[in-house]
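What follows is one structure encoded as structure tokens, with my remarks underneath.
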2 protein chains.
Amino acid sequence: MSTTRQPRLLERLEAAGLRATRQRLLVLDELAREPHDVTAQELHRRLRANGERIGLATVYRTLGALADHGIVDTLAHAPAEACYRLCGEGHHHHLVCSGCHRVVELAECGLDDWLAAAAAREDFVATAHRVEVTGLCASCRRAA
Amino acid sequence: MSTTRQPRLLERLEAAGLRATRQRLLVLDELAREPHDVTAQELHRRLRANGERIGLATVYRTLGALADHGIVDTLAHAPAEACYRLCGEGHHHHLVCSGCHRVVELAECGLDDWLAAAAAREDFVATAHRVEVTGLCASCRRAA
DNA sequence: ATAATTGCAAAGCGTTTGCACCCTG
DNA sequence: CAGGGTGCAAACGCTTTGCAATTAT
């Protein structure tokens with residue numbers, strides 16, 4: 001079983017009105033130690049590889065519920081396959097390394113002024129936005 | 001048949017090394033008159049509704065080929081279902097109205113400095129990015 | 001106790017592919 | 001006329017769902 005379980009995760013489950021089942025904690029644990037984003041299938045495969053008993057449908061249902069409550073982010077960079085990632089609670093964006101697929105959260109957004117201006121130019125009011133930056137991290141740059 | 005066919009589209013097909021078949025022109029025509037973004041299925045449904053003869057597989061293959069050559073954009077806001085949209089040739093972003101789903105292209109990007117700075121903070125070099133802004137257009141604001 | 005959750009297997013759905021026929025260049 | 005393109009239907013892969021058994025509260 002895991003050693004990285006964060007009490008924080010339990011609180012978040014509770015706050016979302018979700019029962020703290022063994023399976024949900026497994027999913028959260030696995031997400032917590034994963035710096036990349038993962039698909040439901042991959043997550044399930046890993047848990048099974050670790051000898052855990054959990055059904056694929058449960059992984060899907062759990063990720064769906066967590067996403068509904070904002071506990072995980074759903075990244076859709078690969079159409080036809082959703083990726084999930086445990087994420088901070090505030091507004092943030094992702095920086096993905098095209099070499100190793102590592103994902104870093106950009107804490108500060110700082111785009112609000114730009115957004116408001118760009119939207120206003122089209123007579124829109126911006127209500128939400130999503131930025132995904134692709135780049136190369138230091139180690140992948142060296143490797144290349 | 002269409003009245004909106006743009007000669008421009010033929011050039012783009014040719015430049016991409018794709019033969020100008022009846023089906024491809026149908027797809028391009030339909031995309032050209034569509035301000036929203038559409039799924040492959042929806043596009044196919046409309047063409048058939050117009051009495052056109054074209055197979056679903058061809059629509060998929062065509063959209064895939066057009067996307068490969070940058071003639072259409074692939075938007076993945078709905079995970080598990082790709083949306084396509086004929087798009088300008090340069091770098092740009094999309095502003096989507098959450099009321100009517102109308103999509104507007106934002107010509108200017110103007111994010112490069114912000115991006116470079118944000119990436120550098122994490123020791124990354126930004127190579128690409130994608131921004132999707134959701135908002136409300138003027139008429140949907142009035143309706144609300 | 002009892003309502004939520006799980007697991008399995010089957011169903012759903014969007015997308016892709018094999019193959020014979022057709023058409024563009 | 002040769003090779004790309006098309007249509008159909010079957011195959012695919014990811015995701016969802018029905019239902020009986022299980023489990024958290």
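In what follows, chains are A, B, ... by sequence order, proteins preceding strands, each numbered from 1.
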- Go through the structure and list residues passing salt bridge (charged side-chain N to carboxylate O under 4.0 Å, His left out) with Arg45(B), not counting sequence neighbours. Glu42(B)
- Query: So, is Thr58(A) near the phosphate of dG7(C), with a side-chain N or O under 4.0 Å from OP1 or OP2?
  - Reply: yes
- Message: Run Arg24(A) and Thr58(A) through side-chain contact (heavy atoms from CB on, under 4.5 Å) and show every step you take.
- Response: CA-CA 8 Å; Arg24(A) 284 179 179 157; Thr58(A) 298; over 6 Å; no
- Would you mind reading off the distance between Leu47(A) atom CG and dG7(C) atom P, rounded to a whole angstrom? 11 Å
- Task: Check whether more than 12 heavy atoms from other residues, nucleotides or ligands sit under 6.0 Å from atom CZ of Arg53(A), and answer yes or no.
- Result: no
- Task: Indicate whether OP1 or OP2 belonging to dG7(D) is found under 4.0 Å from a side-chain N or O atom of Gln23(B).
- Result: yes
- Task: Verify the contact: side-chain N or O of Arg24(B) to OP1 or OP2 of dG5(D), cut-off strictly under 4.0 Å; return yes or no.
- Result: yes
- Query: Nearest-Å distance, CG (Leu43(B)) to P (dT15(C))?
  - Reply: 12 Å
Within the sub-3.5 Å range, which N or O atoms of nucleotides 17-19 of chain C have a protein N or O partner, and how far apart are they?
| from | atom 1 | to | atom 2 | distance (Å) |
| --- | --- | --- | --- | --- |
| dG18(C) | O6 | Arg61(B) | NH1 | 3.4 |

- Set of salt bridge (charged side-chain N to carboxylate O under 4.0 Å, His left out) partners for Arg121(A), sequence neighbours left out: none
- Query: Does some side-chain heavy atom of Leu56(A) sit less than 4.5 Å from a side-chain heavy atom of Gln41(A)?
  - Reply: yes
- Task: Quick one: list whatever passes salt bridge (charged side-chain N to carboxylate O under 4.0 Å, His left out) with Glu122(B), sequence neighbours left out.
- Result: none
- Query: Between atom CD in Glu52(A) and atom C1' in dG7(C), what is the gap in whole Å?
  - Reply: 16 Å
- Quick one: bend of the helix from dA1(C)-dT25(D) to dG25(C)-dC1(D) from 5 pairs per end, to 10°? 50°
- Starting from P on dC14(D), measure out to NE2 on His44(A) and report it in whole angstrom. 13 Å
- Would you kindly give the CD1-to-P distance between Ile54(A) and dT5(C), to the nearest whole Å? 14 Å
- Thr62(B) side chain N/O closer than 4.0 Å to the phosphate oxygens (OP1, OP2) of dG5(D)? no
- Please report, rounded to the nearest Å, how far the P atom of dG7(D) is from the CG atom of Leu56(B). 10 Å
- Message: For the backbone of Thr134(B) and the side chain of Thr127(A), can you confirm whether one donor and one acceptor N or O come within less than 3.5 Å of each other?
- Response: yes
- Task: Tell me which of Thr39(B) and Arg53(A) sits closer to the 5' end of DNA chain C, going by the nucleotide each one is nearest to.
- Result: Arg53(A)
- Query: Expressed in angstrom and rounded to an integer, what is the separation of Leu18(B) atom CG from dG3(D) atom P?
  - Reply: 18 Å
- Item | Closest contact, heavy atoms only, Ala67(A) versus Thr74(A) | CB-OG1, 3.7 Å
- Whole-Å distance between dT24(C) C1' and Glu14(B) CD? 12 Å
- Task: Drop me the distance from Leu10(B)'s CG to Leu28(B)'s CG, to the nearest 0.5 angstrom.
- Result: 8.0 Å
- Look at the aromatic rings of Trp114(A) and His93(B) and report parallel, tilted or perpendicular, splitting at 30° and 60°. perpendicular
- Task: State whether the number of non-hydrogen atoms from other residues, nucleotides or ligands found under 6.0 Å of Arg46(A) atom CZ is greater than 12.
- Result: yes
Using nucleotides 10-13 of chain D, report all nitrogen or oxygen pairs with the protein that are shorter than 3.5 Å.
none

